[in-house]
Amino acid sequence: MIELLHVSKTFQNSWQALTEINFSIAKGEFVFLIGPSGSGKSTILRLLMMEESPDQGVVKVAGFGSDCIKRRQIPQLRRKLGVIFQDFKLLPERTVYENVAFALEVTGASHGAVHKKSMAALNQVGLSHKRHSLPYQMSGGEQQKVAIARALVNEPFILLADEPTGNVDPQGTLEIIQILKDINAKGTAVLMATHEQELVKKMPYRVLMLDNGKIEKDLPARITQRRREE
Ligand SMILES: Nc1ncnc2c1ncn2[C@@H]1O[C@H](COP(=O)(O)OP(=O)(O)OP(=O)(O)O)[C@@H](O)[C@H]1O
Ligand SMILES: [Mg+2]
């Protein structure tokens with residue numbers, strides 16, 4: 001579903017950002033991507049969105065390959081991915097509902113489908129009652145939940161999250177993690193870059209540890225603990 005094979009990436013005027021990265025993510029997996037600042041977490045996520053291409057190796061996402069994807073196919077690929085960022089990236093002059101609906105309108109969905117799916121996504125993150133609010137009227141945690149709803153309306157097979165709790169208070173962080181767990185339990189894979197070490201330790205999911213552009217460890221999901229939770 002997602003595969004990086006012998007991937008290296010160097011930016012102009014910088015150190016090698018990634019060196020010989022190899023990993024794959026299976027359908028429905030939950031994976032944390034951790035590592036110090038500058039270790040290459042965001043670069044991996046941008047390679048998966050095909051916003052950047054590798055200097056060496058191949059990135060494969062949902063049947064598309066970085067070595068053969070055409071520029072015009074990139075919007076098709078992006079629609080299969082849900083993406084959320086530390087700074088939410090909501091449209092400031094649009095309401096909560098409009099921010100979510102917009103992601104569907106651009107796909108040419110009918111008015112009825114846009115309404116039904118947008119409301120379902122807002123319900124899923126518990127914010128349908130705030131649909132008429134503007135982003136600045138909401139807390140960081142609430143804005144991130146709106147961004148999650150927007151990421152979900154196109155039913156992506158994976159949610160890519162780049163430090164989604166970086167601008168959210170501790171209570172909001174717990175709520176967002178719970179939402180991501182629920183999304184994953186329904187079958188959507190999640191790849192989450194984060195600095196929240198304590199949180200990662202408490203959860204049973206697989207952990208990819210990056211250091212200086214290399215994968216230092218790939219710790220498997222702790223099956224037993226997950227079974228106990230279920
Ligand atoms: N567009 C760019 N141009 C030049 N160098 C870049 C670019 N993007 C990333 N880099 C460099 O690549 C390396 C990895 O950066 P990246 O943003 O992936 O790290 P990160 O693990 O996400 O860090 P953080 O935890 O601070 O977000 C860094 O040395 C960074 O300076
Ligand atoms: Mg980053």
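Count residues from 1 along the sequence. All values below come from the heavy atoms of this structure, side chains included, with hydrogens, waters and symmetry mates left out. Order of appearance sets the numbers: ligands from 1, and atoms from 1 within every ligand.
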Undergrad: For atom 25 (O) of ligand 1, what's the nearest protein heavy-atom neighbour? Residue, atom name and distance, please.
TA: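 Result for atom 25 (O) of ligand 1: K41 NZ, 2.8 Å.
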Undergrad: Considering only the protein, which heavy-atom contact is closest to atom 27 (O) of ligand 1, and what is its distance?
TA: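 I find the closest protein heavy atom is E163 OE2, 3.4 Å.
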Undergrad: Is the distance between the Mg ion (ligand 2) and the nearest N/O/S atom of S42 smaller than 2.8 Å?
TA: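 Here the distance criterion (N, O or S atom, under 2.8 Å) is met by S42, so yes.
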Undergrad: Specify side chain, backbone, both or neither for K9, according to which of its non-hydrogen atoms lie closer than 4.0 Å to ligand 1.
TA: neither
Undergrad: Of all the non-hydrogen atoms in the protein, which one sits nearest to atom 15 (O) of ligand 1, and at what distance?
TA: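 Of the protein heavy atoms, T43 OG1, 3.7 Å lies nearest.
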Undergrad: Tell me whether K9 forms a cation-pi arrangement with F11, defined as NZ or CZ under 6.0 Å from the six-membered ring centre and within 45 degrees of its axis.
TA: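 Checked: cation-pi criterion met.
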Undergrad: Return the closest protein heavy atom for atom 11 (C) of ligand 1 as residue, atom name and distance.
TA: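 Result for atom 11 (C) of ligand 1: F11 CD1, 3.8 Å.
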Undergrad: Would you confirm whether any non-hydrogen atom of the protein falls under 4.0 Å from atom 30 (C) of ligand 1?
TA: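 No, there is no protein heavy atom closer to it than 4.0 Å.
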Undergrad: Output the list of atoms in ligand 1 that are nearer than 4.0 Å to some heavy atom of A17, sorted by atom number.
TA: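 Selected atoms, number and element: 12 (O), 13 (C).
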Undergrad: Using 30° and 60° as the class boundaries, would you call the ring planes of H115 and Y97 parallel, tilted or perpendicular?
TA: tilted
Undergrad: At a 4.0 Å threshold, what atoms of ligand 1 neighbour a non-hydrogen atom of H195?
TA: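 Those atoms are 25 (O).
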Undergrad: Any idea which protein heavy atom is nearest atom 26 (O) of ligand 1, and the distance to it?
TA: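 Of every protein heavy atom, S37 OG, 2.5 Å lies nearest to atom 26 (O) of ligand 1.
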Undergrad: Can you tell me if P36 has a non-hydrogen atom under 4.0 Å from ligand 1?
TA: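 Judged by the 4.0 Å heavy-atom criterion, P36 does count as contacting ligand 1.
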Undergrad: Do L219 and F32 share a hydrophobic cluster (ILVMFWY, side-chain heavy atoms under 4.5 Å, transitive)?
TA: yes
Undergrad: How far is atom 23 (O) of ligand 1 from its nearest protein heavy atom, and which residue and atom name does that atom have?
TA: G38 N, 2.8 Å
